[in-house]
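Here is the naming used below: chain letters follow the sequence lines, and residue numbers restart at 1 for every chain.
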Number of protein chains: 2
Amino acid sequence: MASLGELERAVMDLLWAGQEAATANTLRDLLAQSTQPQDGSAGHVGKDLAVTTVLTVLSRLERKGLVERERGTRPHRYQAVSSRADHTAELMHEVLGSAPDREAVLARFIGSVTDNEAETLRKLLGRS
Amino acid sequence: MASLGELERAVMDLLWAGQEAATANTLRDLLAQSTQPQDGSAGHVGKDLAVTTVLTVLSRLERKGLVERERGTRPHRYQAVSSRADHTAELMHEVLGSAPDREAVLARFIGSVTDNEAETLRKLLGRS
DNA sequence: AATTACTTCTACGCCACGTAGAAGTTGCTC
DNA sequence: GAGCAACTTCTACGTGGCGTAGAAGTAATT
């Protein structure tokens, strides 16, 4: 219940970026442009997808519990269930949770964190 | 480059558990028993696999860089490249790394950590 | 009622993974 | 050193997730 496909991730990124709920069409358009805004002159690289494709992906994301849709409005509006930060943190816990040696894992994790982040963590934890 | 299948994970668990390199046959036997050591009387649940199956999985794990094999010895001996803790910590970094808002993620992560673990983290981080 | 906009259903190709037989290779034994 | 036994590699099939989208169904608009 963790990994996302490439397109699924792209859609989630858009949903996480915009604060408001979006329609499939909107997302389709955003996908058509994003990914490579700056472009010499050749073809743009943003995927030019069929709307149904986006809808399929959104359905799958809904099934996975990552996305929520308003069914009332005619063009259904989709939005992420939780923020990217929340979701990522959840993922980290998922990864950590599967380990019987949590402390050891945390030790290794901390060991390879940047100084800045270590500082952030200290602040977040407060001193005992 | 992250997720493992069920069998792949079972094999890694065995390799991580035992400190020494193991052969495909050994692993096959361990897989046949483990998973449900305690058993009323009915059939055991440990997978009874063909050795080739184990070998295939080991090859795939090798390709993924999780396992290393001694090709010299006749029954090749396999072992995990890094400890489970290292691997898990690495995974956590992978998950975290893909986020543009690392600090926010860390905040959420810390927010939902158990008290014990928070304490552990404080110790690990030491004073500034 | 017909047209249009939107959603759901169905589907196909690809790739990872569980699974394992067939074929090839190496080493031991007599 | 010929043959058997053990081991590895090759090939393959079924299943399921994902990218992709057309066909079919449903609702809103005029």
Report yes or no: is there a donor-acceptor pair, N or O only, under 3.5 Å between the side chain of A:Arg63 and the base of D:dG17?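 In this structure, the two groups form no donor-acceptor pair.
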So with a 6.0 Å cut-off around CD of A:Glu62, is the heavy-atom count from everything else above 12?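 Enclosed: over 12 neighbouring heavy atoms sit under 6.0 Å from CD of A:Glu62.
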Side-chain donor/acceptor of [X] to backbone N/O of [Y], under 3.5 Å:
| X | Y | result |
| --- | --- | --- |
| B:Arg28 | B:Leu49 | yes |
| A:Arg77 | A:Ala21 | yes |
| A:Arg122 | B:Leu125 | yes |

Whole-Å gap separating [atom2] ([N]) and [atom1] ([X]):
| X | N | atom1 | atom2 | answer |
| --- | --- | --- | --- | --- |
| B:Leu27 | D:dT8 | CG | P | 11 Å |
| A:Arg28 | D:dT20 | CZ | P | 13 Å |
| A:Leu61 | D:dG19 | CG | C1' | 12 Å |

Would you indicate, yes or no, if D:dA6 has its OP1 or OP2 atom less than 4.0 angstrom from a side-chain nitrogen or oxygen of B:Asn25?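 No, B:Asn25 has no side-chain N/O under 4.0 Å of OP1/OP2 on D:dA6.
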Hey, does the side chain of A:Lys64 come within less than 4.0 Å of D:dG17's phosphate (OP1/OP2), counting only N and O?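 For A:Lys64, the contact criterion (side-chain N or O under 4.0 Å from OP1 or OP2 of D:dG17) is not met.
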Take B:Val51 and B:Arg60, find for each the nucleotide of DNA chain D with the closest heavy atom, and name the residue whose nucleotide sits nearer the 5' end.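 Nearest nucleotide further toward 5': that of B:Val51.
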Quick check on DNA chain D: between B:Thr56 and A:Leu4, whose nearest nucleotide comes earlier from the 5' end?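 Nearer the 5' end of the strand: B:Thr56.
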What is the 5' to 3' range of DNA chain C, first to last nucleotide, that sits under 4.0 Å from any heavy atom of chain B?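 Range of nucleotides touched by chain B: C:dC17 to C:dT26.
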For the pair B:Glu8 and B:Arg60, find out whether any cationic side-chain nitrogen is under 4.0 Å from an anionic carboxylate oxygen.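 Salt bridge between B:Glu8 and B:Arg60, a charged N being under 4.0 Å from a carboxylate O: no.
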Charged N to carboxylate O under 4.0 angstrom, A:Glu6 versus A:Lys47?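 Here A:Glu6 does not pair with A:Lys47 in a salt bridge, since their nearest N and O are not under 4.0 Å apart.
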Run the salt bridge (Lys or Arg N to Asp or Glu O under 4.0 Å) test against B:Asp13 and tell me which residues pass, sequence neighbours left out.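 Salt bridge (Lys or Arg N to Asp or Glu O under 4.0 Å) check on B:Asp13 returns B:Arg84.
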Heavy-atom pair with the smallest gap, counting every atom of B:Val54 and B:Ala24: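 That closest heavy-atom pairing would be CG1-O, 3.8 Å.
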Is B:His87 close to A:Arg108 at the side-chain level, that is, under 4.5 Å between some pair of heavy atoms?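 No, too far: nothing below the 4.5 Å cut-off.
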Expected output is a numbered-order residue list: members of residues 67-80 of chain B with a heavy atom under 4.0 Å from any atom of DNA chain D. What is it?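 Nucleic-acid contacts, sorted: B:Arg69, B:Arg71, B:Arg74, B:Pro75, B:His76.
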Just call it for A:Leu7: base, sugar-phosphate, or nothing, with non-hydrogen atoms closer than 4.0 Å on any strand.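 Here A:Leu7 touches the backbone only, sparing every base.
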